[in-house]
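Okay, so here's the structure we're looking at.
Heavy-atom basis, side chains included; hydrogens, waters and symmetry copies ignored.
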Amino acid sequence: MSKNFGPEYVRAIAPYQAGKPIAEVAREFGLNEDAIVKLASNENPFGVPASAKEAMIAAAAELGRYPDANGFDLKAALAKRYDVPADWITLGNGSNDILEIAAHAFVERGQAVVYAQYSFAVYALATQGVGARHIVVPAKAYGHDLPAMLAAIDADTRLVFIANPNNPTGTFIPAAEIEAFLKQVPANVVVVLDEAYNEFLAPEHQYESTAWVKQYPNLLVSRTFSKAYGLAGLRVGFAIAQPGLTDLMNRIRQPFNVNSMAQAAAIAALNDKEFLAKGAANNAAGYQQFTEAFEALGLEYVPSYGNFVLVKVGKDLAAGARINLALLKQGVIVRPVGNYGLPEWLRISIGLPQENAVLIAALTKALAA
Ligand SMILES: *Cc1c(COP(=O)(O)O)cnc(C)c1O
């Protein structure tokens, strides 16, 4: 009898490697939790907005009941914000859920999914999870090479994942390039445009992806409340697409995939313009703080449009792991990216000015050792 359960494509999955939790690092390295700085998961350094906390407390009173399976109020708020009908919106348990649902809804085993080298790890997982073939297109300057991705689409391809800005590299694709891509993609190929970091874009880089959704029935835009809105622990994301795609997403998603507290908090956060503005200002200042320090240390980095920076901490293939360990010993958690094929690099999330300063001091020390 075979001791292997499940299909071969499931056994072949390499599980997602998350940033180390603070408590785990404290235990492992004998440190005080309060002294640890975590800049590893692109979380919001301001934490949960006060507006969302209030909404959650109110929602807690109703937790004996199931959540609204259709997320009426949250969808209404999103529909208003993005000027689309509410039935063009799919809510997700984080946008990871959206990416998974999309793979299940649009791709079958043996078909193919196109995504870029050094793009978000969940694209590979979602592809593998449905037993589809991976078409990984080599990156160009650590970002997406859209003409090459277009050329890579074959007769079996049903889905393309694009992250803009991209994680873990922070690269950005200008609107004109995306539009040129959308114009040429075959109509039977779904394009998932993952905009997890959209809110961090400077005004001159912002573009209207929902206008494209109205124009292209094969486009799905994915967003999250985990980064700019400070709700990573609650797990809320959403997709905007025309009914042809949204109807299928709805059949695949679990009926209660977004809990009541998360729905309430997301509405509050969505309307909290002050919180978003504070986060954007802190991010821009922190980016400058980091990149000035990296330049002073002679470190190469990839110019970032998100709330994190990919920085090269050495020339040998063990550099990322070595510097990561040296940082952990000093109570600073960042993200090694060897699993992305970037073993000389670390991805560092932008924190509060004081947290950034701790990272810079610890990195300086680690590099000198
Ligand atoms: C963080 C991230 C997400 C989503 O995270 P959720 O918490 O699941 O919403 C999606 N795409 C990219 C590229 C990300 O970096």
Q) Hey, is Asp194 close enough to Arg223 for a salt bridge, meaning N to O under 4.0 Å? A) no

Q: Determine whether Gln254 and Asn93 make a side-chain contact, defined as any pair of heavy atoms from C-beta on separated by less than 4.5 Å.
A: no

Q) Is there a donor in the side chain of Gln289 and an acceptor in the side chain of Asn356, or the other way round, less than 3.5 Å apart? A) yes

(Q) For Glu8 and Arg11: C-alpha separation, side-chain torsions, deciding distance, then whether salt bridge (Lys or Arg N to Asp or Glu O under 4.0 Å) applies. (A) CA-CA 5 Å; Glu8 161 55 27; Arg11 289 199 299 273; 3.4 Å; yes

Q) Glu100: what forms a side chain to side chain contact (heavy atoms under 4.5 Å, CB included) with it, not counting sequence neighbours? A) His104, Ala126

Q | Arg347 and Asn167: side chain donor to acceptor below 3.5 Å | A | yes

(Q) Rounded to the nearest 0.5 Å, what separates atom CG in Leu193 from atom CG in Asn198? (A) 9.0 Å

Q. How would you list, by chain and number, every residue that makes a side chain to side chain contact (heavy atoms under 4.5 Å, CB included) with Glu295, sequence neighbours excluded?
A. Tyr301

Q. CG of Asp247 to CD of Gln242: how many Å apart, nearest 0.5 Å?
A. 11.0 Å

Q: Answer yes if the side chains of Asn42 and Ser349 hold a donor-acceptor pair under 3.5 Å, and no otherwise.
A: yes

Q: Please name the pair of heavy atoms, one in Thr246 and one in Ala241, separated by the smallest distance, quoted to 0.1 Å.
A: OG1-O, 2.8 Å

Q: Please examine the side chains of Met261 and Leu63, heavy atoms only from C-beta on, and report whether any two atoms are closer than 4.5 Å.
A: yes

Q: Indicate, with yes or no, if the rings of Tyr340 and Tyr118 have centres closer together than 6.0 Å.
A: no

(Q) Can you list, by chain and residue number, the hydrophobic cluster partners of Phe29 when the side-chain cut-off is 4.5 Å? (A) Ile22, Val25, Leu31, Ile36, Leu325, Leu328, Ile333

**Q.** Approximate separation, where rounding is to 0.5 Å, of Glu199 CD and Asn283 CG
**A.** 11.0 Å

Q. Do Leu346 and Phe308 touch side chain to side chain, with heavy atoms closer than 4.5 Å?
A. no

Q. Who are the side-chain hydrogen bond (donor to acceptor under 3.5 Å, both in side chains) partners of Asn164, not counting sequence neighbours?
A. Tyr207

Q) Can you name the nearest heavy-atom pair linking Ser260 to Ala59, along with the distance? A) O-CB, 4.2 Å

Q. So Lys38 and Glu355, salt bridge (Lys or Arg N to Asp or Glu O under 4.0 Å) or not? Walk me through it.
A. CA-CA 8 Å; Lys38 186 183 177 206; Glu355 296 175 316; over 6 Å; no

Q) Do Val236 and Leu74 pass the side chain to side chain contact (heavy atoms under 4.5 Å, CB included) test, and can you show the C-alpha distance, the side-chain angles, and the key distance before you say yes or no? A) CA-CA 10 Å; Val236 205; Leu74 176 53; 4.0 Å; yes

Q) So do Met149 and His144 actually touch side chain to side chain, heavy atoms under 4.5 Å? A) yes

Q. Can you tell me how far CG of Leu78 sits from OG1 of Thr210, rounded to the nearest 0.5 angstrom?
A. 11.5 Å

Q. What pair of heavy atoms forms the shortest contact from Ile98 to Met249, and how long is it?
A. O-CE, 3.7 Å

(Q) Measuring only between side-chain heavy atoms, which start at C-beta, is Pro186 closer than 4.5 Å to Thr157? (A) no

Q: Tell me who clusters with Leu352, hydrophobic residues only, linked when side chains sit under 4.5 Å apart either directly or through other members.
A: Phe46, Phe275

Q | Aromatic ring pairing Tyr123/Phe120, orientation class (parallel under 30°, perpendicular over 60°, tilted between) | A | perpendicular

Q. Are Asp87 and Lys75 ion-paired here, with the side-chain N under 4.0 Å from a carboxylate O?
A. no

Q: Give the C-alpha distance, both sets of side-chain angles, the deciding distance and a yes or no for ring-ring contact (aromatic ring centres under 6.0 Å, His included) between Tyr142 and Trp345.
A: CA-CA 12 Å; Tyr142 299 101; Trp345 301 73; 5.1 Å; yes

Q: State which residues pass side-chain hydrogen bond (donor to acceptor under 3.5 Å, both in side chains) with Gln128; sequence neighbours excluded, sorted by chain then number.
A: His134

Q) NZ of Lys227 to OG of Ser41: how many Å apart, nearest 0.5 Å? A) 8.5 Å

Q: Apply side chain to side chain donor-acceptor pair (under 3.5 Å) to Asn257 and Asp97, showing your working.
A: CA-CA 9 Å; Asn257 62 336; Asp97 192 25; 3.0 Å; yes

Q) Okay, side chain of Asn166, backbone of Gly170: is any donor-acceptor separation there less than 3.5 Å? A) no

Q: Could you go through the ring-ring contact (aromatic ring centres under 6.0 Å, His included) check for Tyr115 and Phe161 one step at a time?
A: CA-CA 5 Å; Tyr115 56 87; Phe161 284 116; 7.0 Å; no

Q) Strictly by modelled atom types, are Tyr287 and Asn307 linked by a side-chain donor-acceptor pair under 3.5 Å? A) no

Q) When rounded to the nearest 0.5 angstrom, what is the spacing between CG in Leu220 and CH2 in Trp88? A) 12.0 Å

Q) Is there a chain of hydrophobic side chains (I, L, V, M, F, W, Y, each step under 4.5 Å between heavy atoms) that links Leu182 to Leu245? A) no

Q: Test salt bridge (Lys or Arg N to Asp or Glu O under 4.0 Å) on Arg133 and Asp156 and set out the steps.
A: CA-CA 9 Å; Arg133 180 158 53 84; Asp156 298 329; 2.8 Å; yes

